[in-house]
Amino acid sequence: MTDTEAKTQMPARDKVVLPKLGPLGMLRWAWRQLTSMKTALQLLLMLAVASVPGSLFPQRPANPAVVTQYILDNPATGPWLDRLQLFDVYSSVWFSAIYLLLFISLVGCVIPRARLHWKALRSAPPRTPRSLSRLPEYGTMTVAAESSLTVEQAVDDAAQILRRHGYRTRLHAGDTDHPSVAAERGYLKEAGNLVFHTALIGVLIAVAIGGMFGYRAQKLVIEEEGFTNAELGYDAFFPGTNFNPDSLSPFSITLDNFEVRFDRSLTNYGSPIDFRADMTVQNTPTDEPRQEVLRVNEPISFGGTNVYLIGNGYAPVVTVRDGDGNIALQGPVASLPTDATYNSTIVIKAPDARPFQLGFVGFFLPTAMVDEDGVAFGSDPDPMNPQLNLNSYYGDLGLDDGNPVSVYQLDTSGLTQLNGRDMPDGGIVLGAYQTYDLPEGKGSITFDGLKRYVALDVVFDPGKIGALVFTTLALLGLIFTLIIPRRRVWIRVGKHDDGRTMVEYGLLARGEDHGLSKEAVRIGSALTKHWKRTTTESRQEKS
Amino acid sequence: MTTVNETLGQYSELFMLLAALTYTVAFLAFALDLVRSRKMPAQALEPARELVPATAGADGDGSVQWSHRTLPQGNSSTGGTAKDTMGYRPLRRTAARIGVALGVVGLVVHAAGVISRGIAAGRMPWGNMYEFTTTGALLVMAVFLGALVVRDLRFLGTFITGLVLVMLMAGAIAFPTPVAQLIPALQSYWLIIHVSVAVLAAAIFTITFALSVLQLAKSRQEKDEKLRLGGLLRLVPDAASLEQLAYRMNAIGFILWTFTLMAGAIWAEAAWGRYWGWDTKEVWTFVIWVVYAGYLHARATRGWDGTRAAWLSITGYLCVIFNFVVVNVYFSGLHSYSGIS
Ligand code: HEM
């Protein structure tokens, strides 16, 4: 019965009768279908299923390069998967359609319910039904005649006891021999449900606002270098669809020092324990510089813009001299770690070298060791024996034709190779402070020192606070709706000819309520106890 | 930062082993209880307690006479006066009692194992798969034994102790991880909040999974009188009662899972600068959330409660397992903390 009650709470929309009502009728019918519980449930289940492929296929927003590679590796299926938007699941037409329909359904569901609840809140508990014995919980009481309990007094007592149990009551007394009290409690259950569902809409809006007006940017900062928050200063910049450049707050950051600590216990040798970036920051160019520490999980905040420590690595300091003997490049070059011991790939480009531009591709190893085959490998993330292993090229690096080229890649197809493991001169192996002279007098390269760098994400998400507020509201609403029972109680009183007072009561739950029996017993006991006491008192008075 | 205490770490493993041995005996005791239940007299299986003192007026002076009844609901066989279908019955089940007692002993030893692991590592013991599994198993057992205080769920004993054993073995065999400090990405108090609540929710979903499976079996049996299932389900309450209890626990589990989702998002925001990024782990956490939301809706949708809702509850739990085992181990994502290399 409690279950059926829960179902009737939603207007009986589940009964589908095809109407012959013309276009308007059809529209109304479609709307009813969309806002029915059954549709909501089906859309929810579809949403769950539709989310799954995003975990099976690489996703463009997170990993564009992996997606490209995946399509190259799977020439037969890749393009088809792409056409079905399986690499962009969460912005795909079908995923969007499901959640938009779900939210339209949600709105169509919440508004009429909110209106109903608003009415219920302002009106008294509903009239006492004629037949209480049809209710799921029903009971009777007979109070002995000697109690001298009048029906009015009994109803008053009952109302008072109900109020003490948190019920809102309404007396139906006066013109009838069988006065009754109607009571209801747990209005917060429905309110919580409405808050929960409405807050979900709020979350969606907050996410949309973040996506429209926010931005996300990436910057790699080497020790003793810095940057200012400006679109052009970034390695990568991802503006929202309605991004306004004025929302870039004019802060600047310099990385003074980056410290890494690795676990030196036997069991977990070499895994990182702490990353700590000491920064000098300024909120605006005219502000006093101040010191801040940036850690993983502890971003630095500039108003609404946060700076996060996302990655780190080594930047070997090199000097490249060209064939004319001039310095073509001097400074740190960031390498990209490929594993936990910071074995890194590195690309060094010296476009200023003359007569030929010079390029280097290879590895940086913080602690180089040599295996049985004579191949160098890194054995520790700390720089105990730093080493550069490079191949060198000369020719036109292809930087001048205006096409954007990644600084971490070198297209060697148009270049002539000078060094390599298979070449007569072998590869370049450079320990700290060593210099290598390139073959054919093409120049030289020196390994001067080592710096660390941090990879930073800079994020401005104006929807973030809204998302937090609405999810919190949703959680609170959910707790209320699932924990608070909504119950109605009716108690009717009459007088028997022999003077006994006859009481009957019934309880009804709205929504799931496993505790209705217990509540009935609780109220029954309270009534019994009360009238027992008053009977005893009235007996004592008489005697 | 504290250093790792390896001796204590070894004691922790010893405690886990002892707990597993204790649970094994508890498992056998519960299994014996099930087997014995086939021969118990029918009236011994009647609910012991009626909620209403049906003859309230008979005691004392009889000044107030009170009687109460509950309408039978759904396909439930209970009805008449309000009865507690999962209350303790008068029947004395020695084997089950031994099972519970050993469960409690096992729990204490198990807790010692988890706590000493935490002390050994100088942090909350929730940093890798081994620790998730052992802590998760502890919570499953704790929630089960805690629920026994108010409800007679001893019919779940074999299932729960069996599952806890599997979890402990999986921890020891599939995910062994030496005690270690946390990598920087995990050094956050949100880890403690997020993971502890997630594991608690998963523990609750474990129990509702068991209830839903039994509900399916029971409702099959209620439809088909001839289906006896070896008489092993005699101690199990009717399908409607199982469904109700599963619903209540799933509701609590859902609240906790919602919180898990939120806390995870807050943590992700602090660590990576976005609160949601459809990372594999996030996807599955979301899928689980939506499935259980579907379950709660199903319970309120005509034609979807009962058996279909039970299937959703089971699906939700399978997603939890998938999220925990398959996603953690085989999918690479930002959340690669399994500690297995
Ligand atoms: C974003 C999608 C939705 C989610 C995540 C969601 C989630 C939930 C949850 C968790 C509950 C359980 C809380 C409770 O019992 O009060 C619930 C209940 C409910 N939802 Fe939704 N919901 C969604 C959409 C909808 C839609 C579209 C409708 C209307 C067609 C709807 C109608 C209801 C109703 C009537 C209940 C109360 C059921 C009851 O009385 O137990 N929901 N929802």
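For clarity, every value in this text was computed on a predicted model and none was experimentally measured. The sequence lines fix the lettering, A, B, ..., with proteins before strands; numbering per chain opens at 1.
For A/Ala467, the part lying near chain B is the side chain, with the backbone staying farther off; criterion is any non-hydrogen pair under 4.5 Å. Neither the backbone nor the side chain of A/Leu43 comes within less than 4.5 Å of any heavy atom in chain B. For A/Val207, the parts lying under 4.5 angstrom from a heavy atom of chain B are both the backbone and the side chain. Both the backbone and the side chain of B/Phe259 come within less than 4.5 Å of a heavy atom of chain A. Proximity to chain B (any heavy atom under 4.5 Å) is shown, for A/Ile479, by both the backbone and the side chain. If you measure heavy-atom distances from A/Phe196 to chain B, the contacts under 4.5 Å come from the side chain alone. Only the side chain of B/Ile266 comes within contact range of chain A, with heavy atoms under 4.5 Å apart. Of the atoms belonging to A/Lys464, heavy atoms from both backbone and side chain fall under 4.5 Å from chain B. Residue contact with chain A, scored on non-hydrogen atoms closer than 4.5 Å, is absent for B/Leu245. Heavy atoms of A/Arg295 lying under 4.5 Å from chain B are absent altogether. Of the atoms belonging to B/Leu261, not a single heavy atom falls under 4.5 Å from chain A. With a threshold of 4.5 angstrom between heavy atoms, B/Trp289 approaches chain A through side-chain atoms but not through N, CA, C or O.
With hydrogens and angles left out, the side-chain atoms of A/Trp531 and A/Ser147 include no donor and acceptor closer than 3.5 Å.
To the nearest 0.5 angstrom, A/Lys532 atom NZ is 9.5 Å from A/Ser525 atom OG. Taking CZ of A/Phe275 as the start and CZ of A/Phe262 as the end, the distance is 5.5 Å to the nearest 0.5 Å. One distance of note links OH of A/Tyr505 with OH of A/Tyr138; it measures 9.5 Å at 0.5 Å rounding.
In this structure, B/His297 and A/His197 have tilted ring planes: the angle between them lies in the 30° to 60° band. Using cut-offs of 30° and 60° for the angle between ring planes, the A/Phe95 and B/Trp278 rings count as perpendicular.
The greatest number of non-hydrogen atom pairs below 4.5 Å with chain B, out of A/Ala144, A/Ala474, A/Gly524, is found for A/Gly524. In terms of non-hydrogen atom pairs under 4.5 Å with chain B, the most contact-rich of A/Leu478, A/Thr472, A/Val459 is A/Leu478. Ranked by heavy-atom pairs under 4.5 Å with chain B, the first of A/Val143, A/Val503, A/Leu468, A/Val458 is A/Val143. If you tally non-hydrogen atom pairs under 4.5 Å between each of A/Leu47, A/Asn306, A/Asp457 and chain B, the highest count goes to A/Leu47.
No donor-acceptor pair under 3.5 Å is formed between the side chain of A/Thr471 and the backbone N or O of B/Met262.
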Handout entry: ring-ring contact (aromatic ring centres under 6.0 Å, His included) between A/Tyr90 and B/Trp276, intermediate numbers included
Key = CA-CA 12 Å; A/Tyr90 305 105; B/Trp276 198 261; 9.0 Å; no
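Residues passing the ring pair (Phe, Tyr, Trp, His ring centres under 6.0 Å) test with B/Trp304, sequence neighbours excluded: none. When the ring pair (Phe, Tyr, Trp, His ring centres under 6.0 Å) test is applied to B/Tyr275, no partner is found at least two apart in sequence or on another chain.
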